[in-house]
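Worksheet for the structure shown next.
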Protein chains: 2
Amino acid sequence: MKSTGSKHEQRSRATRAALVAAARPLFGERGYAGVGTEEIVRAAGVTRGALYHQFRDKTDLFDATVQAVEAEVTGLIAARVTATAADPVEALRAGARAFLDAFTEPDVERILLLDAPGVLGWRRWREIGQEYGLRLVTTSLTAAMTAEAAAARPVVPLAHVLLGALNEAALMVAHAEDPVAARVEMTEALDQLLDGLLVQG
Amino acid sequence: MKSTGSKHEQRSRATRAALVAAARPLFGERGYAGVGTEEIVRAAGVTRGALYHQFRDKTDLFDATVQAVEAEVTGLIAARVTATAADPVEALRAGARAFLDAFTEPDVERILLLDAPGVLGWRRWREIGQEYGLRLVTTSLTAAMTAEAAAARPVVPLAHVLLGALNEAALMVAHAEDPVAARVEMTEALDQLLDGLLVQG
DNA sequence: CTACGTACGTACAGTCTGTATGTGAATTTG
DNA sequence: CAAATTCACATACAGACTGTACGTACGTAG
């Protein structure tokens, strides 16, 4: 369990990690614009000088925070998908449910769905989502389609609209007056969407 | 063509309209955070005092701008839907195409899809979308479903995921390297989504 | 040991938002 | 119709925040 790199690199990684760890709950609670850099560095136990040495600007720190959150939730979802890998169609449904659960967490929703597109721009947002989540969707979708012997269709645009539907469903559930009932509703709606894609030839 | 109301009211409406009209292209070009109130009031030919007299704060002006844009694009889409109202299923598809065209405009995309959720919060964003767009989707969807004799399903959650898919599709098309090809692709993907909902019993 | 690069702290300048106060025109009232 | 009041707006100001310039201590290379 030896840390690698020179002492300078170790120190850099430590402060970067501390800043991201401190920024995540703050950004998740009050949004990107609602929390200043001073509060972040105080929570991280460093100064603003350290922040602006490690990150180009505030959005760069936010970018790193987004990546951290995305990596975390993708890991959770992937675990549930691979656990159901025996049945590809059911794995796809399980992935949708896991997605709903993960993105319904208030801080995840705020960071990944509400603030990230506006702050980082759609291009960068989608780039990160591509790196982490969309890959999982496309592979699951192709596996399910081949297993179901559905007509081979361009899978990438389908994956995109699916991801959009998933995002919207998560936002729906998160803000419903009755989240439990909403989760059931949206799960059914998503299942119908998936069935529609897989059933017809 | 007489204007109604007292001179005070007329003046208020005029400055409100001037501010929204001035804010719209600026917010659409450089985003909510990228343009200051001073620039807006200068473009509108008033001062910051007028702005903060007519609107509670900057987000309140942005709220009004969002509503203006939404009203405009909804009008465009509704026109194309009612023009195809004879065939409800085809009207639904026409609505999807009109949606893609409208929300692909860069300023519309930036204001309604990228900035609005983060600035106004999801709740308020969806409230506005509900008032203008979602109503159109649900009515079109129910008309198509009854015409197609598809199984009656809870239409509201379906309309939500559909709207999410439409949002995502518009963002896709807007940022594709080849927007023309992307529009074809996404139109097909959306048609498949709609077919899947309408065909199966 | 010397010279330099790296990580970080501090002080400052510029910008922006929201508010408090002043002013003239419009409306109401005695 | 004149006085008083309200309304729309202009101006000046206070507070906060971001990004940068500069200084410093520690680690590293020659």
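Labels below follow one simple rule: chain letters A, B, ... track the order of the sequence lines, proteins then strands, and each chain is numbered from 1.
The environment of B/Glu29 atom CD is sparse: at most 12 non-hydrogen atoms of other residues, nucleotides or ligands sit within 6.0 angstrom.
Following rounding to the nearest Å, A/Arg16 (CZ) and C/dC8 (C1') show an atom-to-atom distance of 15 Å. Atom CG of A/Leu51 and atom P of D/dG19 are 9 Å apart (whole Å). One atom, CZ of B/Phe62, and another, P of C/dG18, lie 14 Å apart when rounded to the nearest Å. Between the CG atom of B/Leu26 and the P atom of C/dC16 there is a distance of 13 Å, rounded to whole Å. One atom, NZ of B/Lys58, and another, C1' of D/dC17, lie 13 Å apart when rounded to the nearest Å. Separating the CZ atom of A/Arg42 from the C1' atom of C/dG9 is a distance of 15 Å, rounded to the nearest angstrom. The distance from atom OH of B/Tyr32 to atom P of C/dC16 is 13 Å, rounded to the nearest whole Å. As a whole-Å value, the separation of B/Phe55 CZ from D/dA8 P is 13 Å.
OP1 or OP2 of D/dC17 has not a single side-chain nitrogen or oxygen of A/Thr37 nearer than 4.0 Å. Contact between the side-chain N/O atoms of B/Thr15 and the OP1/OP2 oxygens of D/dC9 is found at a separation under 4.0 Å. Proximity of A/Gln54 to the phosphate of C/dA7: no side-chain N or O atom is located under 4.0 Å from OP1 or OP2.
The nearest heavy atom of DNA chain C to B/Gly36 and to A/Thr47 marks one nucleotide each, and the one closer to the 5' end goes with A/Thr47. If you find the closest nucleotide of DNA chain C to B/Arg56 and to B/Ser6, the one lying nearer the 5' end belongs to B/Arg56.
No hydrogens or angles were tested; on distance alone, nothing pairs the side chain of A/Arg48 with the base of C/dG9 as donor and acceptor under 3.5 Å.
Put simply, the side chain of A/Arg97 gets close to the backbone of A/Arg93: a donor and an acceptor are under 3.5 Å apart. In this structure, the side chain of B/His53 does not engage the main chain of B/Gly49 through any donor-acceptor pair within 3.5 Å. Listed for the A/Trp125 side chain is no donor-acceptor partner under 3.5 Å among the backbone atoms of A/Leu113.
Among the nucleotides C/dA26, C/dT17, C/dG5, the one closest to any side-chain atom of B/Tyr52 is C/dT17. Considering only the side chain of B/Asp57, C/dG18 comes nearest among D/dG27, D/dG19, C/dG18. Nearest to the side-chain atoms of A/His53 among the listed nucleotides D/dC9, C/dC8, D/dG19 stands C/dC8. Of all nucleotides listed (D/dG19, D/dC9, C/dC8), D/dC9 comes nearest to the side chain of B/Arg11.
Using a 4.0 Å cut-off between a side-chain N of Lys or Arg and a carboxylate O of Asp or Glu, B/Arg42 and B/Glu39 do not qualify as a salt bridge.
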